[in-house]
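In what follows, a structure is listed as structure tokens, so that the remarks can point back to it.
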Amino acid sequence: MAFLMKSMLSNQVKNLGLGGGGEESKEESTPSDPAAAAGMTREEYEEYQKQMVEEKMERDAAFAQKKAERACLRVHLREKYRLPKSELDENQIQMAGDDVGLPEDLQKMVAQDQEEEEDKDSILGQLQNIQNMDMDAIKEKAQATFTEMKQAAEQKCSVM
């Protein structure tokens, strides 16, 4: 009961302004000028703010460029594997401008992949694949298929 009375009376006294003056003095002690709060002159503070804005713009531009490069890579992979296109990637590339391309290391990787695919598609690549085949397994499979066909023909034809 005493706690309840004390809390009610203290709240009333604070509202009257007799006991709650400590909070107001704290608010008045903080300076309203952000330059003074940072310990700089007004000109130094404005220059600092300009530098911060310029750095933020540079970071944002670099980030947009990286996002566009990643989108370009995704577009390239979608074309390679014949996947559906993404409008989000195309929008990111358009927002970054025309100077978007794959980073150099990714360009090298793509070029190597294309060379390997071209080698596999060429006649020499097919000949190398023939050399890697197991001819004994192919012969056995062909003979098994031939005997199966012969047996199926014998069952259907009464002359054989």
Side-chain angles (χ1 to χ4, degrees), residues 1-138 141-142:
M1 184 74 159
F3 173 74
L4 182 61
M5 292 296 289
K6 184 178 178 181
S7 65
M8 286 176 49
L9 286 176
S10 65
N11 286 337
Q12 294 296 327
V13 171
K14 286 181 186 177
N15 288 341
L16 293 174
L18 299 175
E23 294 176 6
E24 293 176 12
S25 64
K26 289 179 185 176
E27 291 176 6
E28 292 175 6
S29 66
T30 59
S32 61
D33 188 21
M40 296 184 240
T41 64
R42 187 76 175 155
E43 294 81 23
E44 289 174 340
Y45 186 74
E46 288 175 1
E47 183 65 29
Y48 174 73
Q49 289 296 324
K50 287 179 186 177
Q51 288 177 352
M52 294 297 290
V53 169
E54 289 173 2
E55 289 176 4
K56 184 179 183 324
M57 290 173 58
E58 289 174 7
R59 284 193 309 268
D60 290 345
F63 182 67
Q65 181 71 22
K66 289 289 184 185
K67 282 177 67 173
E69 288 175 355
R70 291 184 199 117
C72 187
L73 177 66
R74 287 191 297 269
V75 167
H76 173 75
L77 291 174
R78 283 191 177 99
E79 288 174 359
K80 179 178 179 181
Y81 295 110
R82 296 180 182 93
L83 298 173
K85 294 182 180 181
S86 171
E87 291 183 23
L88 179 64
D89 290 340
E90 293 173 4
N91 291 340
Q92 287 178 349
I93 292 171
Q94 289 176 354
M95 286 174 35
D98 295 334
D99 58 341
V100 177
L102 292 176
E104 291 181 23
D105 54 344
L106 294 177
Q107 286 178 349
K108 291 176 185 176
M109 291 172 56
V110 168
Q112 288 174 353
D113 287 346
Q114 287 178 346
E115 288 175 7
E116 290 175 4
E117 288 179 10
E118 289 173 0
D119 289 343
K120 288 180 183 178
D121 292 339
S122 69
I123 294 174
L124 294 176
Q126 295 298 327
L127 290 175
Q128 289 175 351
N129 286 340
I130 290 174
Q131 291 175 353
N132 295 335
M133 288 184 191
D134 185 16
M135 294 305 282
D136 293 332
I138 294 173
K141 187 173 181 180

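As the structure is a prediction and not an experimental result, all values here were calculated from the model. Computation of the quantities below employed the complete heavy-atom set of this structure, encompassing side-chain atoms and omitting hydrogens, waters and symmetry-equivalent molecules.
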Report the residues that fulfil salt bridge (Lys or Arg N to Asp or Glu O under 4.0 Å) with Arg42, sequence neighbours left out, ordered by chain and then residue number. Asp33, Glu46
For Tyr81, side chain to side chain contact (heavy atoms under 4.5 Å, CB included) partners two or more places apart: Leu77, Leu83
Mind checking what makes side-chain hydrogen bond (donor to acceptor under 3.5 Å, both in side chains) contact with Gln49, not counting sequence neighbours? Tyr45
Around atom CD of Glu87, are there more than 12 heavy atoms of other residues, nucleotides or ligands at under 6.0 Å? no
Listed by chain and number, what are the side-chain hydrogen bond (donor to acceptor under 3.5 Å, both in side chains) partners of Arg70, not counting sequence neighbours? none
Quick one: list whatever passes salt bridge (Lys or Arg N to Asp or Glu O under 4.0 Å) with Lys85, sequence neighbours left out. none
Pairing residues for Ala71 by the side chain to side chain contact (heavy atoms under 4.5 Å, CB included) criterion, not counting sequence neighbours: Arg74, Asp89, Gln92, Ile93
Pairs meeting criterion salt bridge (Lys or Arg N to Asp or Glu O under 4.0 Å) with involvement of residues 48-59, two or more places apart: Lys56-Asp60
NZ of Lys80: more than 12 outside heavy atoms within 6.0 angstrom? yes
For Glu69, check side-chain hydrogen bond (donor to acceptor under 3.5 Å, both in side chains) against everything at least two apart and list the hits. none
